[in-house]
Every structure is written in structure tokens, then in C-alpha cells.
Student: 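Just passing along the structure, written as C-alpha cells.
Chain identifiers are assigned alphabetically (A, B, ...) following the order of the sequence lines, protein sequences preceding nucleic acid strands; residue numbering begins at 1 within each chain. Just so you know, these numbers use all the heavy atoms, side chains as well, and skip hydrogens, waters and symmetry mates.
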Number of protein chains: 2
Amino acid sequence: MKPSGISLLGYALLGLLSQQPASGYDIRKIFTDTPMGTFSNSPGAIYPALRRLEAGKLIHGQVENASGLRRRKVFHLTAAGTSALKEWLNRPVSCEDVVHAADELMLRFSFMEQIIGEAAAIRFLQALEKELEGYVPTLRKYLESHQAGMPRSGSLALESGIRGYETLLGWCRHAIKTYEKKS
Amino acid sequence: MKPSGISLLGYALLGLLSQQPASGYDIRKIFTDTPMGTFSNSPGAIYPALRRLEAGKLIHGQVENASGLRRRKVFHLTAAGTSALKEWLNRPVSCEDVVHAADELMLRFSFMEQIIGEAAAIRFLQALEKELEGYVPTLRKYLESHQAGMPRSGSLALESGIRGYETLLGWCRHAIKTYEKKS
DNA sequence: ATCCGCATGTAACCCGTTACATGATTCT
DNA sequence: AGAATCATGTAACGGGTTACATGCGGAT
């Protein structure tokens with residue numbers, strides 16, 4: 001895991017809790033009902049992750065034995081949790097991230113504007129754009145020079161990956177324009 | 001892992017070894033030097049995975065103490081290994097796969113033509129196309145109906161995901177055409 | 001003589017998966 | 001009364017990450 005000792009799921013939880021306090025069950029519902037469902041909704045993942053964050057004092061849970069329903073434990077971010085989230089969001093965009101952790105980059109972006117602001121989000125997009133502008137051509141060149149010796153389905157699979165990165169690059173530019181137009 | 005007890009890395013190894021026998025070190029080089037590098041090249045992942053496959057009699061390793069270099073252990077597929085690979089490649093494409101395991105689908109496709117043939121590859125692409133034709137509109141609708149209550153960067157992140165699936169759908173059609181044109 | 005690349009491995013740790021367990025509340 | 005939903009957990013297991021260890025052969 002990262003030096004911070006927080007897993008990707010951990011950061012996803014920090015991000016969600018930064019938007020609004022929630023219980024483990026609330027989180028599970030988000031993961032089952034929304035496009036955040038790329039994360040697992042299994043209690044065996046979520047509850048231990050929440051406990052780890054709480055043990056690290058990044059979040060704090062309060063039992064709500066309010067009207068009617070069963071006791072819920074609602075978690076909210078602590079100051080340390082907010083710092084950890086900001087640190088993660090502010091990390092530079094590396095080429096390695098683009099290749100091996102594109103999901104994580106997008107997760108970071110999805111929380112970015114609200115937590116560290118629009119300007120930081122734009123800088124992030126520009127950094128990502130730059131990395132992609134470097135990476136896509138190297139993939140294209142690899143495909144061109146190796147296509148001959150590859151099985152057809154192999155080169156098609158690579159083509160798919162390249163198109164994915166090209167689409168991401170196009171999205172980057174679109175997103176930057178969206179912000180620039182607005183201001 | 002899967003009922004078969006073979007991890008995604010395990011199938012990647014089976015697929016690579018189906019193309020040509022190789023040592024652990026060869027595999028590592030493939031993962032460091034080619035776009036298959038989405039897999040980790042760490043020996044702590046690869047060597048244990050090879051041993052598991054060998055323990056399951058899916059691959060077999062022979063020590064090559066040929067001229068000059070240090071002993072290499074070269075692995076090749078057994079008949080059982082080929083069967084396991086075919087079984088994996090022949091699995092139906094589920095919606096769940098599209099949402100949670102798109103990488104795995106593409107890995108499968110990249111080996112498909114050579115192992116189970118062009119006709120099967122085309123059927124696979126058509127099944128994937130159908131799943132995507134169902135899935136993309138539901139994502140678009142979700143975005144339309146929830147965009148108002150989402151932070152801007154959140155809806156942009158979702159837009160990125162949707163574009164990725166749209167690109168995959170376009171690639172599917174392109175790949176199908178490639179095969180049809182050729183025959 | 002030394003250092004780098006080849007080549008294979010091991011061990012501790014972390015965390016996600018799977019499956020199971022439990023109890024309260026509301027619906028029918 | 002019984003079923004479904006709300007809500008929270010635990011335990012075993014598997015496998016990937018990280019870091020370390022080893023030892024040979026060719027290059028400088």
C-alpha cells in the first residue's frame with residue numbers, strides 16, 4: 001500500500017465522508033446503487049476499512065440511537081482525516097499513475113473540486129493531459145512496430161487500450177474547457 | 001479466486017505460455033517491457049503464481065542448463081492447462097464482467113483468436129457489444145437525472161467513465177468489422 | 001576485481017473476498 | 001407470526017506488494 005497506510009478504498013471512504021457523514025450501511029448502499037459501484041459493497045471490506053480509519057483517528061464514529069431504527073454508527077472526518085485526504089488529492093500526477101492506477105486518478109479528481117478547489121482541479125487536469133500527450137504516442141508507436149508479429153486479437157486489444165487513453169485525453173481537454181468557460 | 005482457483009494473473013500466465021514456453025524471468029520482461037505491463041513484474045507475484053499453476057498440473061517446468069547462462073526453468077502448458085485456458089476464454093460475457101472486470105474481458109480477448117478461433121472471438125465481441133448497448137444508456141440516464149445534485153467534478157468523472165464505455169463499444173464494432181472484412 | 005544484469009526465489013504483511021452470524025424493526 | 005429490510009460485524013482464506021536473499025556470468 002501507499003506510505004500513508006491508506007488503501008484506495010480508504011481514500012474513497014474519506015472522500016465520501018467529506019461530502020457528508022455516513023454509516024457503513026450508507027456507504028454500502030452508495031456502492032451498490034451508484035456508478036461508484038466499481039468498489040465492492042461487501043461488509044467484509046467496508047467495516048474493517050472504517051475501523052482502520054477510525055483507529056488512525058482519521059474519522060470518528062458516533063452511535064445514533066435516535067428514533068425508531070436500530071443503532072447506526074455515523075462516521076465523520078476528523079481534522080487529521082481532512083489533511084490526509086488533501087495530501088492524497090494534492091499528489092503530483094506521475095506517468096506511473098496513468099499506466100497502473102488510472103482509476104485512482106479519476107477517483108481523486110471526483111473529490112478534488114470540493115476539497116481543494118477549482119484551481120487545483122484544473123492544474124490536475126493539465127498535468128494529466130501532459131502525461132497522456134506523452135504516453136499515447138509511445139503506445140501508438142509500439143503498436144505500429146510490433147503489429148506484424150502479434151496475433152490479430154492481440155493488436156486489437158492493444159488498439160482498445162490506446163483508444164481508451166485517447167478518450168481520456170479528449171475528456172481532459174473537455175473538462176478543462178468546462179472550467180475555463182465557467183470562469 | 002474464481003471457482004477454478006486461478007487468479008487473473010494465473011490466466012495471463014496461461015495465455016502467454018500458450019503462445020510460447022517461457023521462464024519466470026521472460027514473463028517479468030514481458031510485463032516490464034510491453035503494454036502487458038498493467039500486470040506487476042514483481043517476482044513475489046510471478047514465481048508463486050507459476051508454482052501454483054505447476055502444483056495444479058496446468059503447466060510444467062523443465063530446467064534448461066544449456067550453454068553458458070545460468071539455469072532457467074522454462075514452463076509450457078499441459079493438456080489440462082490448455083483446457084483451463086479454453087474454459088476461461090469460452091465463458092459467457094456477463095454484465096457484471098463489463099462493470100467490474102473490463103480488464104479481464106480484454107485480456108481474454110487478446111488470447112482468444114489463437115486459442116479458440118476467429119468465430120469464437122467474433123461471438124465474444126458481439127456479446128460484449130450487446131452488454132455495452134444495454135449498459136451505456138443506463139449510465140447516461142443516471143448522469144442526466146443526478147447531475148444537478150452532484151459536484152461538478154463528480155459528474156465530470158462519471159462522464160469520463162461513460163466515454164470510456166462508449167469508446168469500448170465503438171472499438172467492438174470496429175473489431176467485428178475487421179474480422180468480417182477479412183473473411 | 002568489481003559491478004551490473006541474469007535468474008530464481010522466500011517471508012512478512014496487508015487487505016479484499018467469501019461466507020457466515022446476529023439482532024432489531026417494519027411490512028404483510 | 002413470518003418475511004424482508006435495516007445494520008453491523010467476524011473468521012478463514014488467498015494472493016499481491018514489498019523487501020530481502022542468493023548466486024552465476026560477462027563486462028570494465
Side-chain angles (χ1 to χ4, degrees), chain A residues 1-14 21-33 36-56 59 61-75 96-97 100-101 103-104, chain B residues 1-14 21-33 36-56 58-59 61-75 96 100-101 103-104:
Chain A
M1 185 90 2
K2 295 291 157 56
S4 60
I6 302 175
S7 70
L8 187 58
L9 172 60
Y11 284 115
L13 296 176
L14 288 180
S23 68
Y25 194 78
D26 294 335
I27 304 280
R28 289 190 66 200
K29 271 194 300 189
I30 291 171
F31 288 170
T32 44
D33 298 346
M36 292 260 313
T38 49
F39 287 96
S40 162
N41 64 351
S42 94
I46 292 169
Y47 289 104
L50 287 170
R51 299 186 109 237
R52 285 194 298 272
L53 293 175
E54 196 175 28
I59 63 176
Q62 277 172 281
V63 175
E64 234 187 28
N65 37 1
S67 58
L69 289 169
R70 196 199 169 190
R71 120 227 109 126
R72 287 157 39 88
K73 199 168 173 185
V74 177
F75 294 92
E96 225 270 332
D97 290 332
H100 293 288
D103 291 354
E104 180 169 352
Chain B
M1 195 104 274
K2 296 290 159 54
S4 58
I6 302 174
S7 69
L8 187 58
L9 173 59
Y11 283 115
L13 296 175
L14 288 180
S23 68
Y25 195 77
D26 293 335
I27 304 280
R28 289 189 67 198
K29 272 194 300 188
I30 292 172
F31 288 169
T32 43
D33 299 345
M36 293 261 314
T38 49
F39 287 95
S40 160
N41 65 351
S42 94
I46 292 170
Y47 289 104
L50 287 170
R51 299 184 109 238
R52 285 193 299 272
L53 293 174
E54 196 175 27
L58 302 177
I59 65 177
Q62 277 172 284
V63 175
E64 234 187 27
N65 36 2
S67 57
L69 290 169
R70 195 198 170 193
R71 120 227 110 123
R72 288 157 39 89
K73 198 167 172 186
V74 176
F75 293 93
E96 226 271 332
H100 294 287
D103 292 354
E104 179 169 353

Student: Just by distance, do the side chain of A:His100 and the backbone of B:Phe39 share a donor-acceptor pair under 3.5 Å?
Tutor: no
Student: How many Å lie between CD on A:Glu64 and P on D:dA7, as a whole number?
Tutor: 10 Å
Student: Has A:Ser23 got a side-chain N or O lying under 4.0 Å from the OP1 or OP2 atom of D:dT8?
Tutor: yes
Student: Is the phosphate of C:dG16, meaning OP1 or OP2, less than 4.0 Å from a side-chain N or O of A:Ser42?
Tutor: no
Student: Looking at B:Glu54, B:Arg52, B:Arg51, which one forms a side chain to side chain contact (heavy atoms under 4.5 Å, CB included) with B:Ile59?
Tutor: B:Glu54
Student: Using atom CD of A:Gln62 as one end and atom P of D:dA7 as the other, report the distance to the nearest whole Å.
Tutor: 17 Å
Student: Step by step, would you call A:Phe31 with A:Ser42 a side chain to side chain contact (heavy atoms under 4.5 Å, CB included)?
Tutor: CA-CA 9 Å; A:Phe31 288 170; A:Ser42 94; over 6 Å; no
Student: Let me know the distance between CZ of A:Phe39 and P of C:dG16, rounded to the nearest Å.
Tutor: 9 Å
Student: Can you check whether B:Arg71's main-chain N or O pairs, donor with acceptor, with B:Glu64's side chain at less than 3.5 Å?
Tutor: no
Student: Nearest 0.5 Å, what's the CZ-CG distance between A:Phe75 and A:Leu14?
Tutor: 12.0 Å
Student: Rounded to the nearest Å, what distance is computed from the CG atom of residue B:Asp26 to the P atom of nucleotide C:dA7?
Tutor: 7 Å
Student: Please list each protein N or O that sits under 3.5 Å from an N or O in nucleotides 10-12 of chain D, with the distance.
Tutor:
none

Student: In whole Å, I'd like the distance from the CZ atom of B:Arg71 to the C1' atom of C:dC6.
Tutor: 11 Å
Student: Any side-chain heavy atom of B:Arg72 sitting closer than 4.5 Å to one from B:Tyr25?
Tutor: no
Student: So does B:Asn41 get a backbone contact from the side chain of B:Arg28, meaning a donor-acceptor N/O pair under 3.5 Å?
Tutor: yes
Student: Without decimals, in angstroms, what is the distance between B:Ile27 CD1 and C:dT8 P?
Tutor: 10 Å
Student: Hey, does the side chain of A:Ser40 come within less than 4.0 Å of C:dT17's phosphate (OP1/OP2), counting only N and O?
Tutor: yes
Student: Just checking B:Arg52: base, sugar-phosphate only, or nothing, at a heavy-atom cut-off of under 4.0 Å?
Tutor: sugar-phosphate
Student: Taking only the side-chain nitrogens and oxygens of A:Ser7, find out if one of them lies under 4.0 Å from OP1 or OP2 of C:dC14.
Tutor: no
Student: Between C1' on C:dT8 and CG on B:Asn41, what's the gap in Å once rounded to a whole number?
Tutor: 14 Å
Student: Let me know the distance between NZ of A:Lys29 and C1' of D:dT5, rounded to the nearest Å.
Tutor: 10 Å
